[in-house]
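A quick write-up on the structure given underneath.
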Amino acid sequence: MRLGIMGGTFDPIHYGHLVVAQSSYHHFRLDRVVFVPAGQPPHKLGRRVTPARQRFLMVALATMSNPAFDVSDLEVERPGPSYTIDTLRAFRKEVGPDGELYFITGADATLEILDWKDPEELLRLACFVAATRPGYPGTELEEVRAKLPPAAAARIVSIEIPALAISSTEIRRRVAEGAPIKYLLPEPVEQYIMKNRLYAGRAQPEEARPDRVEEGSR
Ligand code: NAP
């Protein structure tokens, strides 16, 4: 069993995430990819994040048509901060000692892996797939690898995904400003956001990022 675990806050999920999961499924010959929305992202405690149950529902809506994708409420149901180490231990039990785990997430998140709980065990339990946007400088990931023993360093791989020009931050900003989000994420997710008035009028918790999709940009 080669299992992909797609970790993220998914606030909200968008086509960039879905392309990352599909590309990883193909590239690493995975049997399936399980999306695991973070319940309480450990690095976002005290920051405004959409309730976990709503983020989970959006992920379920976005992935339901793909037979290779599943969604897990493991982190949503687990009390306390959602440490990836606890999630990987649970999936390791599921796949057994011979199964292979691929933890897939954004490159910026992966850069912090040495500050996560139990980084060495993390890299023993799973191979980390860092999804990058086009033009992402590989040097930063190289610096992280350089701080690790060779066997652990080899367990961090990157995959460039042009569709990651879409970002959740940008989608939240666009909703708050009344700009369209159509074609940036699956239609049922867009409808869910509008029906539940998510992000409308929300002050943005993060700085606007330079990689945001600009109207009319080429
Ligand atoms: P984040 O800091 O919100 O995101 C960092 C960057 O990665 C953003 O550009 C984000 O884009 C992108 N990204 C996030 N998930 C992605 C995915 N699955 N595929 C492609 N790009 C992705 O990171 P986060 O989403 O909150 O956390 C990522 C994962 O790391 C989660 O599973 C989280 O629980 C885990 N984590 C664990 C620890 C720990 O165990 N101590 C600490 C930190 C993070 P978008 O904003 O567009 O998604």
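Values below: all heavy atoms of this structure, side chains included; hydrogens, waters and symmetry mates excluded. Numbering starts at 1 and runs along the sequence shown. The structure presented is a predicted model; accordingly, all values stated were derived computationally and were not measured. We count ligands from 1, going down the list as the structure has it; atoms in each ligand are counted the same way.
- Arg32 places no side-chain N or O within donor-acceptor distance of the main-chain N or O of Ala68, the cut-off being under 3.5 Å.
- For Gly16, the heavy-atom gap to ligand 1 stays at 4.0 angstrom or more.
- Here the shortest heavy-atom pairing between Val76 and Pro37 reads CG2-O, 3.8 Å.
- Tested against Tyr102 for a ring pair (Phe, Tyr, Trp, His ring centres under 6.0 Å), the candidates Tyr25, Phe128, Phe28, Phe91 yield a single pass: Phe28.
- Annotation for ligand 1: atoms under 4.0 Å from non-hydrogen atoms of Phe103 are 32 (O).
- Residue Gly7 has at least one nitrogen or oxygen atom sitting less than 3.5 Å from a nitrogen or oxygen atom of ligand 1, judged on distance alone.
- Annotation: the span from Leu198 atom CG to Glu190 atom CD amounts to 12.0 Å, rounded to 0.5 Å.
- The shortest heavy-atom distance from Phe35 to ligand 1 is not under 4.0 Å.
- Remark: ligand 1 and Tyr83 share no N or O pair separated by less than 3.5 Å (distance only, no angle test).
- Ligand 1 is approached by Lys117 to a heavy-atom distance shorter than 4.0 Å.
- If you take CZ on Arg155 and CD1 on Ile113, they are separated by 10.5 Å, rounding to the nearest 0.5 Å.
- At a 3.5 angstrom cut-off on N or O pairs, Thr84 counts as close to ligand 1.
- Near His14, with a cut-off below 4.0 Å to any heavy atom, the atoms of ligand 1 are 47 (O).
- The aromatic rings of Phe10 and Phe35 sit tilted, their planes meeting at an angle between 30° and 60°.
- The CD atom of Glu140 lies 12.0 Å from the OG atom of Ser158; values are rounded to the nearest 0.5 Å.
- Ligand 1 has an N or O atom lying under 3.5 Å from an N or O atom of His17, backbone or side chain.
- Judged by distance alone, the side chain of Arg55 and the main-chain N or O of Thr50 form a donor-acceptor pair under 3.5 Å.
- Residue Arg133 touches ligand 1 through its side chain alone, judged by heavy-atom distances below 4.0 Å.
- At least one heavy atom of Lys44 lies less than 4.0 angstrom from ligand 1.
- Of all the atoms in ligand 1, the ones that sit under 4.0 Å from a non-hydrogen atom of Ser82 are 34 (O).
- Close N/O approach between Thr9 and ligand 1 is found [any backbone or side-chain N/O within under 3.5 Å].
- Set against the non-hydrogen atoms of Pro42, the atoms of ligand 1 under 4.0 Å away are 38 (C), 39 (C), 41 (N), 42 (C).
- Taking only nitrogen or oxygen atoms, main chain and side chain alike, Gly8 reaches within less than 3.5 Å of ligand 1.
- Those atoms of ligand 1 with a heavy atom of Ile104 less than 4.0 angstrom away are 18 (N).
- When all heavy atoms of Arg133 and Ile166 are compared, the closest pair comes out as NH2-O, 3.4 Å.
- Ligand 1 has no N or O atom lying under 3.5 Å from any N or O atom of Ser167, backbone or side chain.
- Side-chain contact between Leu45 and Gln40: present, with at least one pair of heavy atoms (C-beta onward) separated by less than 4.5 Å.
- Panel note: side chain Arg78, backbone Gly39; no donor-acceptor pair is recorded below 3.5 Å.
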